[in-house]
Amino acid sequence: MVAFISLACFSQHGRADADGAFHFRCEEQAAASSAPRLRPIGIRQSTTTSGDLIGPIALPNRGSWQFDGRSAIVFAAPSDTKGFAENFTWEGFFLSPASNTYLPETGIADRLVTQFAFDKGDWTRLAIGLVADRDGSPRLCIELEGFDGRTFGMGDRSVTVDRWHHFALVHEGTAAAARIRWYLDYELTGELFLGGQSNQNTLRPPGKAPFTIGARLKQGQVVNRGFQGLIDEVRLVPRPLQVAEFLRCDGEAFEKVIDTAWQREQQREAFWGDRHRWARKQAASWAAEPSAIDAHFRRPLPPISDAAFLRRLSLAVRGRIPTVDEVEAFLAEGRPDKRSQAIDRLLASPEWADGWVGYWQDVLAENPSVVFPTLNNSGAFRQWIYDSFRDNKPFDQFATELMLMDDVGSSERSVSTPAGFALATGNDVPMAMRSHVAMKAFAAIDLKCARCHDSPVDDFRQADLFLLAAYLNGSPLEVPATSVAAIAKTNVPGAITTSLTAGQIIRPAGLTSYWLAMPEQPDSLRPCEPGNQRAELAALVTAPTNSRFSDVIVNRLWKRYFGTGLIEPVDHWNELPAALRPELLRGLSVQFVESGYDLKALARQILGSDVWQGERERRLMSAEQVVDSLFVAVGKDFQAETLGVHATDPGAVQLPRPRRGWQFSALPNERDRPALGMPVNQTIVDAMTAFGWNGSRQQPRSEREATTSALQPLMLFNGLMSQRIVCLSDQSTITELCLLDAPLSMFVDRLFITILGRRPDAEEREQFVSLLRPGYEQRKTGKPARQFVPLSTFQPDWRKHLEPEQTRLMLDAQQHVARGELPTVRLTSDFRERVEDVMWALMNSPEFVVIP
Amino acid sequence: MNARSRKSDSPFTRRDFHRLAATGAMSLSTGTAWAAAPATTLGKAEACVMLWLGGGMCHVDTFDPKPLGDPKANKAGSAYPSITTAIPGVNVCQHLARTAQLLDRAVLLRSLSHPLKVDHADSTNLVKTGRITSGTVIYPSLGSLISHERGRREDGVPPYIVMGYPNVTRGPGFLGSQYGYLYLTDPAAGPTGLRRPHNVDGSRQRRRLQLLEVLRRKALARANGDATTEDYDAAIDDAQTLMNGSFAKVFDLAKERASTRERYGGPFGQRCLLARRLVEAGTRFVEVAYDLNFKNGTGWDTHRHGQADQHLLIQDLDQALSALVEDLQSRGQLDRTLVVVATEFGRPPDFDGQGGRGHQSETFSGVLFGGGLKTGQAIGVTDDFGRKVAARPISIPDFHATVLATMGIDPATELFDGDRPIPITDHGTAIQEVFT
């Protein structure tokens, strides 16, 4: 092997996520430069997204780092790294090739992750890596070097070569006594107790020392040999993780998944490339009128201020308000094209995906249950939505993949595939439900009534829905009696009719055109998987010649950005109403097809228009926008619980600790059992619910109820979540803002920008400055920050939830959460309280929740 | 799918369709064909308290006693001896001693049944909403239906309160969030958001509001007449009214006499006391969930070992329920307040391998107190061991129709999910015997 990764230092752009975790992922570009690879690496499932250092696992991730024994990645942890001294976890995936003939029998040469700690000129070291057992097979081991010599632990199972494995090391304890456990493919393979009476060797807490991936280094040189093989998705987390929290892949099926998924990915890429080239050629011949678009977009409306623009843009694209630094930099920028630059910058942000997930969860009725699926629950496919938008997947491909409901070799409950869309628990024809959802989403056809009878008003019959359902089913479908309405005999003409009878078998055949837009499909428009009925249906729905599809999606995006669609409602055009501006919708729709169904390109065009940047009727922030904006404003983590109660059941839905609003799910507790509660999550879900979020999405919804109620201000006045936002704890960036040496008026300006995205006017500044002036100079106490105490460490567990002790723990946790965060002692309490009151007033102003 | 047009065949527009549906010229259901029910007598109750015994209250161990069985010998039957009640000829389990004395103020529903059984959530959803999940319509819960039909009793008092965990089976379904519930899990704390934070005293609150006044004024000026801003600003006023009004004081149980609080008993009793205070304050519908499952290790879902200490739950219920009924009566409110004891299904007289009981929906019991009903009767009869209905079956739609009728709501009312007509019950018929 010739190529290897040169020493790379990630510290410049190293940034921990809200958890303080670092995530290293080999991106495709990086992989390309380090080719040749040992073998293609394909799709990997993940149930967690942690950190943006390199990014959460997205589909597909074909890259991985190849190590040749002489290379390493050095990660100098930034000085603000928290943790990694007493309680931490390292994990990742590795592949040890059969071709590696060098495997040491003692010590560790094939180190996966190493960390050094410099201490008084000497060093300690902890590493996890591979060593050969007596048979020469590799085993996962840990190596520990302290002042008293070396401790070494060998795993109890061998590692299969040429296959991907997951490794993890969990360290808990202090320098005096610690426990290290390490895991191979999610099962404990070794355990070591350090310190105490049994072992005098202790690890000097490594703290902020640099990490290396792939080798051990001494003075910048690889010692002996490093790891030979592939490593990817390394994650360093400053707390001990449970097995259920590890990055997931599909254990034994993993290898197969990689190969088949890789091939499929190659085929799909080729397919969509062809499809979009063809679409472009078609679209060139369609009569589009760019002038109509220009004429509309250039309409001079009263423009909004730069501050209002940035806030509107940030909420529209990223789903949250801009930070103080972003606002100040933008306002200070003098370039005439700074708005279009900002649009490009935000569209390039991974948060573009965060901004979209909640919308598609609603539209696609994503409705997972973390207790037991029931009541029309779907599986969880939120991560797949996120990944799709993160990759700016062409939208026809998105729609197709959804209808394929492909599990990519993974379980139905995986969050990273659209497989969960196939589930509709307790529904006797899940595919009829899914047809209804898909048609509403992508064709603006509402087939709800066709579940039980022919539509009395629209142009479709019950049989139409069941034919679609049979296609999604991929096999004949029996009509259950519950889906055939009993019709009272009546002589009224036009009364309801049924076109199906109970027990009738519907076969997936004969669907030749798509009935509200019926282009003859050219032969060149083959489905992405010939012979697959789901693919055939998807091909009809997403065909470039089917203008209905592009019109519907363009109209949906229009509605999101303007508040009103060009056609309303956006999901029910059974009788096509006249578009407000048909030539405009048509023009954009053609461009959308030409762009290869590129939503970002469409968004860029709309956001850059005068009409989008002009004054218009305002809207209330969405629930996710309220919550995400508030937490961003004060720089706090949700401290959310893992969404799940079955930590030990790999088949159950377990959703990661949310870091954004869309990641929450309903907290089902139909049994009213306190020990199944999630006290922190409940505070955030309560707030989101007041602002129109509903985690129980039993039905598709394109628009949330736009009601303003007293519950909303009540939540922001007094809710436990909002109390945390206000609280100047040592986790609040407002506390840090208070501690900066700055003139009082500048401090007040920054508070306004933090919450309202603008500077105060003269009267406001005068009022707030005079409130904060007394004691401003003496505000710092000189005391240190408090040690961080998590709000709750309670995690519900189905196996134990009926034990009295669990209920007590939950109620304790609930009380703790109700008491809230501990305020900082670095500020005088009198000054702190006044700043908190200012924060409270700012976030309760109608100006905060209403998008400018 | 071939192109077709039936539109031209139909002389009816969507509006005509609705008019027809509303006048009953067209009717449809997914069950059996429905013949128009006789006009229902309507009650005059103003409020409803539903005690929800989630998990599945065993009817043969509570309100429908049968010959004694023996869990150890795996002999089918009731787990406890029965006692006589204020209704001649009607017995209940011995752990319901206080309730037994008040049974002349109750209607026992002994022949409830429904077709679901396996899943708690599905059955709960059925009993609460009166419908099986369809996937096409999200049905409202009883509390939402009553709130929708009867509206608020008092300004500034939310019509529908849940003491339990929020979930979709308690939700407003297609009626929309304004008919949803306000929930709480800790009676002392009340619903979240209603009280100012513990660390904010009156002077801080005043300071906060002064600052907010400035910002509100500025926001309105900057918004230049924008409707959304003005709506939200008005909602802030509403929020303050709720916080400062009498409703927020309802949750202060310390205002009650110590003897009253004692009479109601433990945490579940205190919830019932709060329910009485809420009803008195003008709430329309209160659901009180029993959540002390740790008392026996399973709650009312008495599989296996859960059976051993089931009597503790029954005694809890007895104390709280009897206190609530007595208290309402002594305050002259029982006639206009319907108290419902409900659960998602019952349990068989047979025991499982570990002396507990499984699920049974073929028949189970519910109870109605007060509400101006013709009380002092038991409706429905089960077979010798309470496995099946023997006479006078009551379906869940019938149960819904009865509760709605007691509240003065016609069970034949048509609601609309958007443009789709939905009967308020799935063609249930109110139990005529309970109306005078």
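The sequence lines fix the lettering, A, B, ..., with proteins before strands; numbering per chain opens at 1. Because only heavy atoms are used, hydrogens play no part in the values below, and waters and symmetry mates are left out as well, while side chains stay in. As the structure is a prediction and not an experimental result, all values here were calculated from the model.
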Hey, which of B/Gly171, B/Ala219, B/Ala289 has the most heavy atom pairs under 4.5 Å with chain A?
-> B/Ala219
Against chain B, label A/Ile851 side chain, backbone, both or neither, depending on which of its atoms sit under 4.5 Å from a heavy atom there.
-> neither
How many angstroms lie between CG in B/Asp231 and CG in A/Leu620, if you round to the nearest 0.5 Å?
-> 9.0 Å
Which atoms of A/Arg834 approach chain B - backbone, side chain, both or neither, heavy atom under 4.5 Å = both
Under 4.5 Å from a heavy atom of chain B, the part of A/Leu771 involved | side chain
The reported gap from CG in B/Asn199 to CZ in A/Arg819 (rounded to nearest 0.5 angstrom) is 12.0 Å
Residue from A/Pro713, A/Ala710, A/Ser709, A/Pro668 scoring the most non-hydrogen pairs under 4.5 Å with chain B is A/Pro713
Can you tell me how far CG of A/Leu802 sits from NE2 of B/His305, rounded to the nearest 0.5 angstrom?
-> 6.5 Å
Identify which one of A/Glu847, A/Glu763, A/Glu764 satisfies the side chain to side chain donor-acceptor pair (under 3.5 Å) criterion when paired with B/Lys218.
-> A/Glu763
Identify which of B/Thr124, B/Leu220, B/Thr169, B/Val137 forms the greatest number of heavy-atom pairs closer than 4.5 Å to chain A.
-> B/Val137
Which one of A/Glu836, A/His436, A/His801, A/Arg808 has the most heavy-atom pairs closer than 4.5 Å to chain B?
-> A/Glu836
Measure the CG-CG distance between A/Leu375 and B/Asp119 for me, rounded to the nearest 0.5 Å.
-> 7.0 Å
What are the two closest non-hydrogen atoms of A/Ala841 and B/Leu212, and how far apart are they?
-> O-CD1, 3.5 Å
Could you grab the distance from atom CG of B/Asp186 to atom CG of A/Leu811, nearest 0.5 Å is fine?
-> 8.5 Å
Top contributor to chain A contacts, counting heavy-atom pairs under 4.5 Å, from B/Met243, B/Arg196, B/Arg208, B/Lys295 = B/Arg208
Given a strict heavy-atom distance threshold of 4.5 Å, which part of A/Asp428 is in contact with chain B: side chain, backbone, both, or neither?
-> neither
From the list B/Asp238, B/Leu211, B/Thr133, B/Asn167, the residue making the most non-hydrogen contacts under 4.5 Å with chain A is B/Leu211
Do side-chain atoms of B/Thr228 reach the backbone of A/Arg618 as a donor and acceptor pair under 3.5 angstrom?
-> yes
Select one option (side chain, backbone, both, neither) describing which atoms of B/Leu182 are under 4.5 Å from chain A's heavy atoms.
-> side chain
Given that the side chain runs from C-beta out, which part of B/Asp226 has a heavy atom under 4.5 Å from chain A: side chain, backbone, both or neither?
-> side chain
Considering only heavy atoms, which portion of B/Trp300 lies under 4.5 Å from any heavy atom of chain A: side chain, backbone, both, or neither?
-> neither
Who among A/Gly719, A/Pro674, A/Pro804 has the most heavy-atom pairs with chain B under 4.5 Å?
-> A/Pro674
Honestly, the part of B/Thr185 sitting under 4.5 Å from a heavy atom of chain A is side chain
A/Gln723 versus chain B, the contacting section by heavy-atom distance below 4.5 Å = side chain
Contacts of type side chain to side chain contact (heavy atoms under 4.5 Å, CB included), residue A/Thr689, not counting sequence neighbours = A/Val685, A/Trp693
Considering only heavy atoms and a distance below 4.5 Å, find which of A/Asp761, A/Leu720, A/Leu667 pairs most often with chain B.
-> A/Asp761
Is there side-chain contact between B/Thr192 and A/Met715, with heavy atoms separated by less than 4.5 Å?
-> yes
Looking only at B/Lys128, B/Arg195, B/Arg216, B/Glu344, the option with the highest number of non-hydrogen pairs under 4.5 Å against chain A is B/Arg195
Tell me, side chain or backbone of A/Asn844 under 4.5 Å from chain B's heavy atoms, or both, or neither?
-> both
Neighbour count >12 (heavy atoms, 6.0 Å) for atom CD, A/Glu617 = no
Part of B/Ala234 lying under 4.5 Å from any heavy atom of chain A | neither
Does any heavy atom of chain B fall under 4.5 Å from the side chain of A/Cys727, the backbone, both, or neither of them?
-> neither
Does a salt bridge link B/Arg170 with A/Asp672, judged by any charged N lying under 4.0 Å from a carboxylate O?
-> yes
Give a yes or no on whether a salt bridge exists between A/Asp446 and B/Arg420, defined as a side-chain N under 4.0 angstrom from a carboxylate O.
-> no
By a 4.5 Å heavy-atom criterion (distance strictly below it), what part of A/Ala818 contacts chain B: side chain, backbone, both, or neither?
-> backbone
Does the side chain to side chain contact (heavy atoms under 4.5 Å, CB included) test come out yes or no for A/Thr807 and B/Asp291, once each step is laid out?
-> CA-CA 10 Å; A/Thr807 302; B/Asp291 70 339; over 6 Å; no
Kindly indicate, with the supporting measurements, whether the criterion side chain to side chain contact (heavy atoms under 4.5 Å, CB included) is fulfilled by B/Tyr183 and A/Asp686.
-> CA-CA 10 Å; B/Tyr183 87 95; A/Asp686 282 348; 2.6 Å; yes
Region of A/Thr707 that comes under 4.5 Å of a non-hydrogen atom in chain B | side chain
For A/Phe768, is it the side chain, the backbone, both or neither that has a heavy atom under 4.5 Å from a heavy atom of chain B?
-> side chain
Can you list the steps and then say if A/Phe717 with B/Gln240 is a side chain to side chain contact (heavy atoms under 4.5 Å, CB included)?
-> CA-CA 9 Å; A/Phe717 270 34; B/Gln240 294 193 59; 3.8 Å; yes
Please round to the nearest 0.5 Å and tell me the distance separating atom CZ of B/Arg207 and atom CD of A/Glu833.
-> 6.5 Å
Under 4.5 Å heavy-atom distance to chain B, tell me which part of A/Val849 shows up: side chain, backbone, both or neither.
-> side chain
What part of A/Gln814 gets closer than 4.5 Å to chain B, counting heavy atoms only: side chain, backbone, both or neither?
-> side chain
The interface call for A/Arg704 against chain B, heavy-atom contacts under 4.5 Å, is neither
Of all of A/Pro430, A/Ala424, A/Pro846, which one pairs up most often with chain B through heavy atoms under 4.5 Å apart?
-> A/Pro846
Just by distance, do the side chain of A/Glu705 and the backbone of B/Ser177 share a donor-acceptor pair under 3.5 Å?
-> yes
Let me know if B/Ile138 has heavy atoms under 4.5 Å from chain A in its side chain, its backbone, both or neither.
-> both
Sort A/Val838 into side chain, backbone, both or neither according to what part of it lies under 4.5 angstrom from a heavy atom of chain B.
-> both
Does any N or O in the side chain of A/Asn669 come within less than 3.5 Å of the main-chain N or O of B/Tyr165, such that one atom is a donor and the other an acceptor?
-> no
Name the option with the most non-hydrogen atom pairs under 4.5 Å to chain A; the candidates are B/Gly306, B/Gly297, B/Gly164.
-> B/Gly297
Evaluate side chain to side chain contact (heavy atoms under 4.5 Å, CB included) for B/Ile236 paired with A/Gln712, printing each intermediate quantity in order.
-> CA-CA 8 Å; B/Ile236 292 179; A/Gln712 293 159 349; over 6 Å; no
Heavy-atom contact with chain A under 4.5 Å, split by part of B/Pro191 = neither
